[in-house]
Amino acid sequence: MFEIKIKTSKNQIALYNRCVLGVSLDSNNHRGDRLAALVEWANDNFKDCIVDLTDTLHRYNHMADLKLSENDARLKAHIQGDQWLQESYHILSNFKIPYCILRWDAWKYNHKFIRYLHMFESAFAVDKNFREAVMYDVNLFLGRRKALGSPTTEQLCVTYLLEELAGQSLLYEQFPAAEIYPGKQQKSFGLVRAGKVPNVPTGLQNSCFVSLYLHDKSAGLFGSANDDADFADLRKMG
């Protein structure tokens, strides 16, 4: 049985009636008793919730690890998203507050997405502080995986982050909310959320990041918040 510990000001959390529960496909934190604890905590602290299932964003994992084409990787990730929904339905049914599930393609096919993505790509090219933050996050991720930092792998990581920033900007532009996640905020996301990157979308400024830790009460130890080193954890590891 897991208990939630928070490292974010309760006053900041109180600014939002809605939360966004970000889901990483391969993370143990989003399955079983850990997911159930997150749902229960959302019930106790918010009036409604968006489950942000970043399924097809996960294609970059498969492109890097399995050497799949982007189309094949996207299909595999979409199927994984379907499987996660089937496996998690009985836990999600424990929501007592209104909730909805938004999958990654909802943002990727939004009419603003390409423009927002290009804005982040331009910022990466010209803004030294932003570029360094992105590369810090990428190198931290590669270090956790003990992966070789090949140009191809690094570029996939960068592309992942910039696409996620574009999609998340759209999400919080439409739905101001507190993002709840068992881990730390990525450095690049922190800069954008704080309004410190000029000439990029400002949707993330309509949100706060709530860093959660899952405490295993039966073991008396803190569960590892970032025990799954995959691209889907890039946003939260900073």
Side-chain angles (χ1 to χ4, degrees), residues 20-31 50-89 101-125 130-131 133-171 181 183 186 188-189 192 200-201 203 226-238:
V20 169
L21 172 57
V23 173
S24 300
L25 280 178
D26 284 348
S27 175
N28 289 331
N29 289 317
H30 298 126
R31 297 181 186 278
I50 295 172
V51 178
D52 176 28
L53 179 57
T54 55
D55 52 352
T56 53
L57 185 62
H58 191 71
R59 69 190 184 278
Y60 294 105
N61 293 58
H62 302 319
M63 293 167 68
D65 296 338
L66 304 178
K67 312 303 180 187
L68 296 180
S69 68
E70 184 167 2
N71 285 338
D72 288 346
R74 182 192 173 281
L75 177 60
K76 182 176 179 64
H78 187 82
I79 291 171
Q80 285 182 296
D82 290 341
Q83 292 171 339
W84 184 89
L85 288 170
Q86 292 175 356
E87 294 169 1
S88 304
Y89 174 79
I101 300 166
L102 294 177
R103 301 179 70 165
W104 189 248
D105 284 350
W107 312 118
K108 182 149 176 78
Y109 295 111
N110 184 285
H111 69 282
K112 294 182 180 179
F113 175 80
I114 295 298
R115 177 162 59 90
Y116 282 15
L117 178 60
H118 288 167
M119 292 171 75
F120 281 111
E121 290 172 340
S122 295
F124 181 78
F130 178 60
R131 182 169 60 253
V134 170
M135 294 312 301
Y136 174 88
D137 296 335
V138 166
N139 289 328
L140 182 64
F141 162 72
L142 292 174
R144 285 182 55 83
R145 293 187 85 192
K146 299 180 181 178
L148 295 176
S150 69
T152 299
T153 301
E154 286 187 357
Q155 185 55 52
L156 286 170
C157 291
V158 170
T159 303
Y160 178 102
L161 277 173
L162 299 182
E163 179 173 319
E164 187 174 28
L165 281 162
Q168 293 285 307
S169 296
L170 285 165
L171 191 163
Y181 194 88
Q186 191 81 348
S188 55
F189 273 75
V192 175
V200 297
N226 294 305
D227 56 353
D228 303 290
D230 65 300
F231 288 171
D233 286 331
L234 270 172
R235 166 168 46 130
K236 296 92 182 175
M237 294 193 321

So, using side-chain contact (heavy atoms from CB on, under 4.5 Å) as the criterion, who are the partners of Thr56 when residues are at least two apart?
Arg74, His78, Trp104, Asp105
Between Phe141 and Cys157, is there a side-chain heavy-atom distance shorter than 4.5 Å?
yes
Quick one: pull up OH in Tyr60 and CG in Leu161 and give me the separation to the nearest 0.5 Å.
10.5 Å
As a quick check of understanding, evaluate side chain to side chain contact (heavy atoms under 4.5 Å, CB included) for Asp26 and His58, giving each step before the final call.
CA-CA 9 Å; Asp26 284 348; His58 191 71; 3.4 Å; yes
Under the side chain to side chain donor-acceptor pair (under 3.5 Å) rule, collect the residues that match up with Ser122, sequence neighbours excluded.
none
Which of these, Leu165, Asp137, Val134, sits in a side chain to side chain contact (heavy atoms under 4.5 Å, CB included) with Phe189?
Leu165
List the atom pairs, donor and acceptor, that lie under 3.5 Å between side-chain atoms in residues 66-73 and the rest of the protein, sequence neighbours left out.
unit_1: Lys67; atom_1: NZ; unit_2: Ala64; atom_2: O; d: 3.0
unit_1: Ser69; atom_1: OG; unit_2: Asp72; atom_2: N; d: 3.2
unit_1: Ser69; atom_1: OG; unit_2: Asp72; atom_2: OD2; d: 3.3
unit_1: Glu70; atom_1: OE2; unit_2: Arg59; atom_2: NE; d: 2.9
unit_1: Glu70; atom_1: OE2; unit_2: Arg59; atom_2: NH2; d: 3.3

Using the test side chain to side chain donor-acceptor pair (under 3.5 Å), find all partners of Gln83 that sit at least two apart in sequence or belong to another chain.
none
Looking only at heavy atoms, which two atoms of Phe113 and Gly167 are closest? And how far apart?
CE1-N, 4.0 Å
Check step by step if side chain to side chain contact (heavy atoms under 4.5 Å, CB included) holds for Tyr160 and Val138.
CA-CA 10 Å; Tyr160 178 102; Val138 166; over 6 Å; no
Donor-acceptor contact below 3.5 Å, side chain Ser27 vs main chain Asn29
yes
Restricting to side-chain contact (heavy atoms from CB on, under 4.5 Å), what partner residues turn up for Ala133, sequence neighbours left out?
Lys187, Ser188, Leu191
If the condition is side chain to side chain donor-acceptor pair (under 3.5 Å), which residues does Arg31 pass it with, not counting sequence neighbours?
Glu87
Should Leu162 and Phe124 be marked as a side chain to side chain contact (heavy atoms under 4.5 Å, CB included) after you check the CA-CA gap, both sets of side-chain angles, and the distance that decides it?
CA-CA 8 Å; Leu162 299 182; Phe124 181 78; 4.2 Å; yes
pair Met135-Glu154: side-chain heavy atoms closer than 4.5 Å
yes
Suppose we call two aromatic rings close when their centres sit under 6.0 Å apart. Are Tyr181 and His30 close by that rule?
yes
Value rounded to 0.5 Å, distance of OH in Tyr136 from CG in Leu140
5.5 Å
Is a donor from one side chain sitting under 3.5 angstrom from an acceptor on the other, for Thr159 and Gln155?
yes
Euclidean distance, Asp55 CG relative to Ser24 OG, rounded to 0.5 Å
11.5 Å
Heavy-atom side-chain proximity of Glu121 to His118 below 4.5 angstrom
yes
Hey, could you give me the CD/OG1 distance between Gln168 and Thr54, rounded to the nearest 0.5 Å?
8.0 Å
Once rounded to the nearest 0.5 Å, what's the spacing between atom OG1 of Thr153 and atom CG of Asp65?
8.0 Å
Roughly how far apart are His111 NE2 and Leu170 CG, rounded to 0.5 Å?
8.5 Å
Does any part of the side chain of Trp107, heavy atoms only, come nearer than 4.5 Å to the side chain of Leu102, both counted from C-beta?
yes
Could you tell me which residues satisfy side-chain contact (heavy atoms from CB on, under 4.5 Å) with Leu85, sequence neighbours excluded, listed by chain and number?
Leu53, Ile101, Arg103
Determine the interplanar angle of the Phe120 and Phe130 rings, folded into 0 to 90°, and report it as parallel if under 30°, tilted if 30 to 60°, perpendicular if over 60°.
tilted
Looking at side-chain heavy atoms only, is the closest gap between Asp52 and Val23 below 4.5 Å?
no
